[in-house]
Peer 1: 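Have a look at this one before I ask anything.
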Amino acid sequence: MNVFAHVQGRIVAALEALKSEGKLPADLSLASVGVPDEPRDPKHGDMATNAALALSKAAGMKPREVADMLAAKLAADPEITKAEVAGPGFINLTFAPSFWHGLIRDVLATADAYGRSQFGGGETVDIEYVSANPTGPMHIGHCRGAVFGDALASLLAHAGYKVTREYYINDAGAQVDKLGQSAYLRYLEALGESIGEIPPGLYPGEYLKPIGAALAKKYGHALKQKPDDERVAICRQAAIDTNLAEIKEDLGQLGVHHDVFFSEASLTKGRDRIGEAIAKLKAKDLIFQGALPRPKGHDEDEWEEREQTLFRSTAFGDDMDRALQKSDGSYTYFAGDVGYHYDKLERGFAHYFNVLGADHVGYIPRLKAVVSALSDGKASYATPVCQLVKVLRDGQPVMMSKRAGTFVALRDVVDEVGKDAVRFMMLTRKNDSPIDFDLKKVLEQSKDNPVFYVQYAHARCASALKRGQAEVPGLDIAKVTSGKGDLSALDDPAELDLIRQIAKMPRMIEGAARDREPHRVTYYLYDLASSFHQLWNRGNDSPHLRFIRAEEPGLTEARLTLVAATKQVISSGLGVLGVHAPDELR
RNA sequence: GCGCCCGUAGCUCAGCUGGAUAGAGCACUCGCCUUCUAAGCGAGUGGUCGCAGGUUCAAGUCCUGCCGGGCGCGCCA
């Protein structure tokens, strides 16, 4: 149950009643009546609605006038104990404790389904993320997009969308040819030949050595006899396969899984989807032969004008038209993306997401142009950008340089701090803000470390339930965890605060899904954990507030039911983030 | 030069469909352990929400301009 939507329904019903009583104009549109909000100041009650303010103009009445009528109507609702008009025309609502107790029962009855919604209406969504080139291991820079894309995917799934997670493999083009050449050198090396330095432009990484060794084992000296392009093709495929397997393993350790791995090379196998896409664009008069203008910031003498096949992306707001074929006639990388998006559109999703790294922002206008052109502007296509991750150790930047081979491998980080910490920390910022990721801090077991703080709250819940069962003889734990017990003893303001926090989850999920902001889940969980820790510690100063009161089984039952509901919400919230909710911390 | 993003407390950042007195953590000051985990909790100090206009009953939030910072910008991938 989403209590905010629930109360909105009550408000609309009250307004309809006023309309039929002739107290409000019968033709008054209630579309501007929003979801009630939680007031900033708790003294203002549990929820506030600005309905009177929003309607007064259309109703031709003073805001206070509308508010007074509406408040009187709402006060008659048995769940509402107080409906007061305040300020310019807000109505502050206070609910009976039984209203909140019902929510707790609902949480436990629906369990993991609490917080889920039908917001997405079963619409299909395709999310492309990671798509790291299979030319080497994953490094820390890839991991933010991986975690963000994965969390966004499960968030949307939670909010009622049907989600496909997709990875685009760049296994065609010049870079993978260079990869093949590099692997061939490592193969020669494995056969005992002296290869010297890896030439500039090729991949010098150590990770190609085992690939070369495997090739040497499989082919012996036979590869050397084959023609150049054939042996490079063999080495290329071997390197791609191995690298991709490594990438999948790295992603698996991070808890990231894709439904579809789409090969760039496959675009022109069987059917030539690049050609088909270009033909389709050509029919729309968006393809032409021409020369690109010299971009600003380039000297005239280093600029050579060339005639080539271009896509008219300027018709869609891009800075310049984009090349589809190189001067030698082969496709550009962009042409591959044209074919790929053509294929995606053909598969027919309601929404498309393409999670990109900060270094790809310049690429966005042409992607949007292609999708818009191919779908006649009909496709819903978004390209969330993940900003850079700055890796620190104890406040000091960890130097990263591909050339020096000192980039931070994703696997090393996951091995060092664990999947949960990496995932949670990557979601503690909006995707378009840069992140500082401190390897030391995420291992701290303290309040400074939000991962720990939230997991600790969950562990405390588990501990309280366990002890309750052991220490309170008459306690029926099944009654507690199913929410079937008597909750009337839950009336302390601190307890009701925690319940109100729990009540926010469904709305939070919908808002986060609507705005594609998984980071809101982490903030929510932090706040929820904070409310729980607060209540727990109230028991230090005021023993009568402790969850477990051996001499009062009824009270214990009610309080532990609240604990069980808290545990449930933390657990399913962490589930959206792909972070484990442990029953105890070591 | 152009495009995108960011600018909120000393620092790092939240702020949801515009709503009442702008929030959290860190840092700083003070208080709390014979306790269901003090691996924590409470209180206090601290802000012209970059600047200037505009829309609105109401702007940190929407619009315009400017200032400052980040990223990107030919057939690379």
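In what follows, chains are A, B, ... by sequence order, proteins preceding strands, each numbered from 1.
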Peer 1: So, A:Lys567 and A:Asp583, do they make that salt bridge, N to O below 4.0 Å?
Peer 2: yes
Peer 1: Ring stacking, A:Phe90 with base of B:A20, under 5.5 Å and under 30°?
Peer 2: yes
Peer 1: Just call it for A:Gly362: base, sugar-phosphate, or nothing, with non-hydrogen atoms closer than 4.0 Å on any strand.
Peer 2: sugar-phosphate
Peer 1: Need the pair for B:G25. Rule: Watson-Crick or G-U wobble, both distances under 3.5 Å, any strand; none if unpaired.
Peer 2: B:C11
Peer 1: Ignoring hydrogens and angles, tell me if any N or O in the side chain of A:His533 forms a donor-acceptor pair with the backbone of A:Ser530 under 3.5 Å.
Peer 2: no
Peer 1: When only distance counts, do a donor and an acceptor, one from the side chain of A:Asn92 and one from the base of B:A20, lie under 3.5 Å apart?
Peer 2: yes
Peer 1: Students often get this wrong, so: under 4.0 angstrom with heavy atoms, is A:Asp432 touching a base, only sugar-phosphate, or nothing?
Peer 2: sugar-phosphate
Peer 1: Report which part of the nucleic acid A:His519 touches: base, sugar-phosphate, or nothing (heavy-atom distance under 4.0 Å, all strands).
Peer 2: sugar-phosphate
Peer 1: When you measure from the side-chain N and O atoms of A:Arg460 to the phosphate of B:A38, is any distance below 4.0 Å, counting only OP1 and OP2?
Peer 2: yes
Peer 1: Touch check for A:Tyr523, heavy atoms < 4.0 angstrom, all strands: base, sugar-phosphate only, or nothing?
Peer 2: sugar-phosphate
Peer 1: Under 4.0 Å from OP1 or OP2 of B:U17: is there any side-chain N or O of A:Arg507 that close?
Peer 2: no
Peer 1: If the plane angle is over 60° it's perpendicular, under 30° parallel, otherwise tilted; pick one for A:His142 and A:His139.
Peer 2: tilted
